[in-house]
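Below: one structure, written as structure tokens.
So you know, we letter chains A, B, ... as the sequences are listed, proteins then strands, and number each from 1. No experiment lies behind these values; they were computed from the predicted model shown. Side chains are part of it too, since the values below use all heavy atoms of this structure and drop only hydrogens, waters and symmetry mates.
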Protein chains: 2
Amino acid sequence: MAEQHELRDKGLRLTPQRELVLSAVRSLGHATPEEVAERVRQTHPGINLSTVYRNLETLENVGLVQHTHLGHGGATYHAAEEMTHLHLVCGKCGSVGDAPIDAAANFVQNLADDYGFKTDVTHFAIYGTCAACVEK
Amino acid sequence: MAEQHELRDKGLRLTPQRELVLSAVRSLGHATPEEVAERVRQTHPGINLSTVYRNLETLENVGLVQHTHLGHGGATYHAAEEMTHLHLVCGKCGSVGDAPIDAAANFVQNLADDYGFKTDVTHFAIYGTCAACVEK
DNA sequence: CGCTACTTGCGAAGACCTCGCAGAAAGTGC
DNA sequence: GCACTTTCTGCGAGGTCTTCGCAAGTAGCG
């Protein structure tokens with residue numbers, strides 16, 4: 001796993017802040033910069049919000065995390081390993097559900113064939129109403 | 001078409017600003033509040049940004065326009081009549097292409113069947129790379 | 001151990017959106 | 001056509017979220 005080296009391998013320095021931001025994103029699944037900062041503060045109270053923003057950006061540049069806009073204002077970040085499923089955002093309760101990429105395979109193929117549009121499935125936010133809210 | 005009455009019918013007053021905001025959204029297809037304001041200023045220079053925001057909100061409440069988040073920061077608005085197609089947002093050039101809803105019919109059905117998730121196709125932004133940028 | 005380049009913390013600045021208020025205007029009845 | 005009530009507009013203040021510049025700190029390397 002060589003956890004220690006994955007950042008170095010990308011040409012980045014190994015600072016406590018950087019590691020914490022990355023592990024926060026991984027453990028949270030998907031989170032806003034604010035939430036990441038909050039998580040990091042549990043073990044490193046002095047971290048600055050700017051640092052979180054900058055590290056998220058840096059980590060995104062080397063492909064370890066990625067961001068999406070799940071509907072409302074801010075961006076949410078998730079780890080690259082997490083990108084194997086779609087995000088189903090519920091407009092009513094705000095929850096974020098998951099579905100395997102396969103569910104969209106057909107659709108993606110359609111768009112590629114008919115419009116030459118190469119859908120980025122990993123950067124995919126789907127808006128609608130979740131099962132729980134539909135019942136209400 | 002009784003253009004004059006569609007606002008009145010919804011219980012709204014017929015102000016020049018309101019009409020202009022609505023027609024700006026319609027002629028722009030999809031636009032940010034800022035872009036709407038700019039368009040309106042062509043015929044009504046004095047309009048205030050707050051007024052644009054408030055009218056967009058009001059028009060959304062009565063169902064004449066709707067907003068989506070097409071990826072980056074701000075919301076974009078479009079007329080209700082325009083909601084018969086999907087929006088294909090290109091991450092490279094930022095263009096917004098269209099595709100008929102049918103292209104997603106399969107996909108929507110999948111999600112409904114397998115996850116009970118009721119996808120809101122009209123509020124749907126799809127991220128990827130457009131044909132033009134794929135070639136580059 | 002010392003040097004260089006990259007990072008952090010901090011405060012300021014900027015973008016974007018919302019809110020409250022007073023004056024103006026639309027719609028209504030006479 | 002006129003006065004009245006209610007809604008809307010313009011304006012400025014206030015908030016939130018994000019970015020930026022700078023000086024001090026520290027990781028990595030010989």
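- Taking 4.0 angstrom as the limit, A/His67 places none of its side-chain polar atoms (N or O) nearer than this to OP1 or OP2 of D/dT18.
- The interatomic distance linking A/Glu34 (CD) with D/dT19 (P) rounds to 13 Å, in whole Å.
- The interatomic distance linking B/His44 (NE2) with C/dA25 (P) rounds to 10 Å, in whole Å.
- Nucleic acid contact class of B/Leu49 (heavy atoms, under 4.0 Å, all strands): none.
- Distances shown here put a side-chain N or O of A/Asn48 below 4.0 Å from the OP1 or OP2 atom of C/dC10.
- For the pair B/Arg54 and D/dC8, the criterion of a side-chain N or O lying under 4.0 Å from OP1 or OP2 is not met.
- Under 4.0 Å is where a charged nitrogen must lie from a carboxylate oxygen, and between A/Lys10 and A/Glu60 no such pair does.
- When all heavy atoms are compared, the tightest approach of B/Val52 to B/Pro33 is CG1-O, 3.8 Å.
- Nearest nucleotide to the A/Asn55 side chain, out of C/dG11, D/dT9, C/dT8: C/dT8.
- Here the P atom of nucleotide C/dA25 and the CD atom of B/Glu19 are 16 Å apart, to the nearest Å.
- To the nearest angstrom, C1' of C/dG20 lies 18 Å from OH of B/Tyr53.
- As a whole-Å value, the separation of A/Ile47 CD1 from C/dC10 C1' is 14 Å.
- In summary, the side chains of B/Asn61 and B/Glu57 do not present any donor paired with an acceptor at a separation below 3.5 Å, with no hydrogens or angles considered.
- In this model, the phosphate group of C/dA25 is not approached by any side-chain N or O of B/Gln17 to a distance below 4.0 Å at OP1 or OP2.
- In this structure, CD of B/Glu38 is placed 12 Å from P of C/dC16, rounded to the nearest angstrom.
- For the pair B/Lys10 NZ and D/dC8 C1', the interatomic distance rounds to 20 Å; values are reported in whole Å.
- The listed nucleotides are D/dC20, D/dT9, C/dT8; the one nearest the side chain of B/Thr51 is D/dT9.
- In terms of modelled atom types and a separation under 3.5 Å, the side chain of A/Glu19 and the main chain of A/Pro16 share no donor-acceptor contact.
- Residues A/His78 and A/His67 keep their aromatic ring centres 6.0 Å or farther apart.
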Interface polar pairs with nucleotides 26-30 of chain C, N/O, under 3.5 angstrom:
unit_1	atom_1	unit_2	atom_2	d
C/dA26	N3	B/Arg13	NH1	3.1
C/dA26	N3	B/Arg13	NH2	3.4
C/dG27	OP1	B/Leu14	N	3.2
C/dT28	OP2	B/Arg8	NH2	3.4

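- Atom CD of B/Glu35 has more than 12 neighbouring heavy atoms from other residues, nucleotides or ligands inside a 6.0 Å radius.
- For A/Ser50 against D/dC20, a side-chain N or O and a base N or O form a donor-acceptor pair under 3.5 Å.
- The CD atom of A/Glu57 sits 15 Å away from the C1' atom of C/dT8 (whole-angstrom rounding).
- At least one donor-acceptor pair closer than 3.5 Å links the side chain of A/Thr58 to the backbone N or O of A/Arg54.
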